[in-house]
There are 2 protein chains.
Amino acid sequence: MNRPLRQDLSAAIPEGVAALLEKEIIFGELAPMARLTEEEVAARYGVSRSPVREALRLLERDGLVLRAARRGIWVAPLSLKDFDEIYTCRIELEGVAAEQAAMSSDTERKKQFAGLLEELRAAHARGDGREFFMVDVRGSALTYDLSDNRTLKRLLASLDKQALRYRFIGYTHNPEIVDITMTHTAAIYDAIVGGQAERAKELTEHIIHYIWQFMRGAIAENFGKE
Amino acid sequence: MNRPLRQDLSAAIPEGVAALLEKEIIFGELAPMARLTEEEVAARYGVSRSPVREALRLLERDGLVLRAARRGIWVAPLSLKDFDEIYTCRIELEGVAAEQAAMSSDTERKKQFAGLLEELRAAHARGDGREFFMVDVRGSALTYDLSDNRTLKRLLASLDKQALRYRFIGYTHNPEIVDITMTHTAAIYDAIVGGQAERAKELTEHIIHYIWQFMRGAIAENFGKE
DNA sequence: ATATTGTACGGTGTATACACCATACAGTTT
DNA sequence: AAACTGTATGGTGTATACACCGTACAATAT
């Protein structure tokens, strides 16, 4: 009963289950405050409760689920306050990451930005918002890698997962957010590849602040009260 | 065999075990790269492997231990690079936390800073570096609480645990670091309590940067090569 | 009718058994 | 002698059984 799924989960079952649940949460297939029971998740993926528990610990770390001792587990709710909290942190850390990435001399990996930009443009042209964000995340991951700071990378990877939930909702309600992101991302990639550290940092901070304020409207509409 | 320890662990065993291991790692009782086996830890605290596994996941999240699949678990090594990475992140996030804390109107909780300052002075006067840092951590925790940003709090709580290992080593080699921290901390508390947001942020960033550079010497001596 | 207590059940928390991988070492072969 | 293969062992990874808490609902008493 557990054999078939083991293949899909690429060796590490907890991380595999976490990745699958992550996607479901980020893209709204699992609604905010949806109840998760360990046994149900275990049955769904054909594994036992042990790795599921570890997967849920990972999701808790990234703020995607809430746990109450002996009460249960829920998909973390979304709120305007939470959104503001995340962006308050992101604006600082993404700025540093872009700055440090620009200072990297790893020209070989910097070339990957060109390919990513093409993928972004393709997804943008197709109007595929979901794919757009997935590629955008890979661009961020590349930036974090170039910054050569494992601690920063760890913090941002965690923040990004939360942020992506809001970004996807924002896109759903205001598709032009993809247009804005598209334009600005190109400028940032340029600065990073060109080694303009200060510019990369300022651009990143400015742009994140801009998108933050732009998205607040859509977010407030849905979660203003909470 | 497991009953007696349960009391010490205050209800949640994984968190309890994690807290105990944390202290041992932070204060050097468990040396960098020391091997940890789940069974040994479980036996030591009189619990089973299940909660120990979860405790080790928590420590991994905070960068205190490293895990290699099916290979083992080790206390995370210390290095100058890691130290720089942590402070690069801390300087940004602590600044924001101080700024936001100063903007808080929770005058009731702000009064706690006075008591903490007294405790700091007492520990400083006694030359009790370990106690000094423990109180300092509570001051940071209060600042994070006041910032009213759960995301920021989560990121900083994690960072602080790593940072404390280096801070304790720095103090061991350069006890005057406690003097410096003592003086500067008082100024920051003043700014936060007084509601001077911009000043609190600038002071914090400046001071963390100063201590960072000051400590680099002691850290480099021990871990320069790694 | 309301309040209180008993009870059943869903679900997490922990313990334990077993599977399986990684390493080291010994034995065999070339 | 060196390389390779087989095997034993230590330790993590997973499955499963059971303990225990929290909630809801029903029954009884006031």
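First the proteins, then the strands, lettered A, B, ... as listed; each starts at 1.
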Using only heavy-atom distances, decide whether a donor-acceptor pair under 3.5 angstrom links the side-chain of A:R67 to the base of C:dG13.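 By the distance-only test, no, there is no pair.
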Check whether the side chain of A:R49 and the base of C:dG13 form a donor-acceptor pair under 3.5 Å.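 Donor-acceptor pair under 3.5 Å: yes.
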Rounding to an integer number of Å, can you tell me how far [X] [atom1] sits from [N] [atom2]?
| X | N | atom1 | atom2 | value |
| --- | --- | --- | --- | --- |
| B:E38 | D:dG13 | CD | P | 6 Å |
| A:E54 | C:dT12 | CD | P | 16 Å |
| B:E60 | D:dT12 | CD | P | 13 Å |
| B:L36 | D:dG11 | CG | P | 12 Å |
| A:W74 | C:dG11 | CH2 | C1' | 11 Å |
| B:I13 | D:dA19 | CD1 | P | 16 Å |
| A:R35 | C:dG11 | CZ | C1' | 7 Å |
| A:L58 | D:dG13 | CG | P | 12 Å |

Does [N] have OP1 or OP2 sitting under 4.0 Å from an N or O in the side chain of [X]?
| X | N | answer |
| --- | --- | --- |
| A:S48 | D:dA15 | yes |
| A:R71 | D:dT23 | yes |
| A:R70 | D:dC20 | no |

Using a 4.0 Å heavy-atom cut-off, does A:L56 contact any base of the nucleic acid, only the sugar-phosphate backbone, or nothing at all?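 The residue A:L56 makes no contact with any strand.
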Base, sugar-phosphate or nothing for B:S50? Non-hydrogen atoms, less than 4.0 Å.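 The residue B:S50 makes base contact.
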Salt bridge between [X] and [Y], side-chain N to carboxylate O under 4.0 Å?
| X | Y | result |
| --- | --- | --- |
| B:K161 | B:E22 | yes |
| A:E15 | B:R67 | no |
| A:R57 | B:E60 | no |

Residue pair A:Q162 / A:D82, side-chain heavy-atom distance below 4.5 Å: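 Heavy-atom side-chain distance check passes, below 4.5 Å.
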For A:I73 and B:A69, find the nucleotide of DNA chain C closest to each by heavy atoms; which residue's nucleotide sits nearer the 5' end?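 So the residue in question is A:I73.
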Is it the case that more than 12 heavy atoms not belonging to B:E24 sit under 6.0 Å from its CD atom?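 Enclosed.
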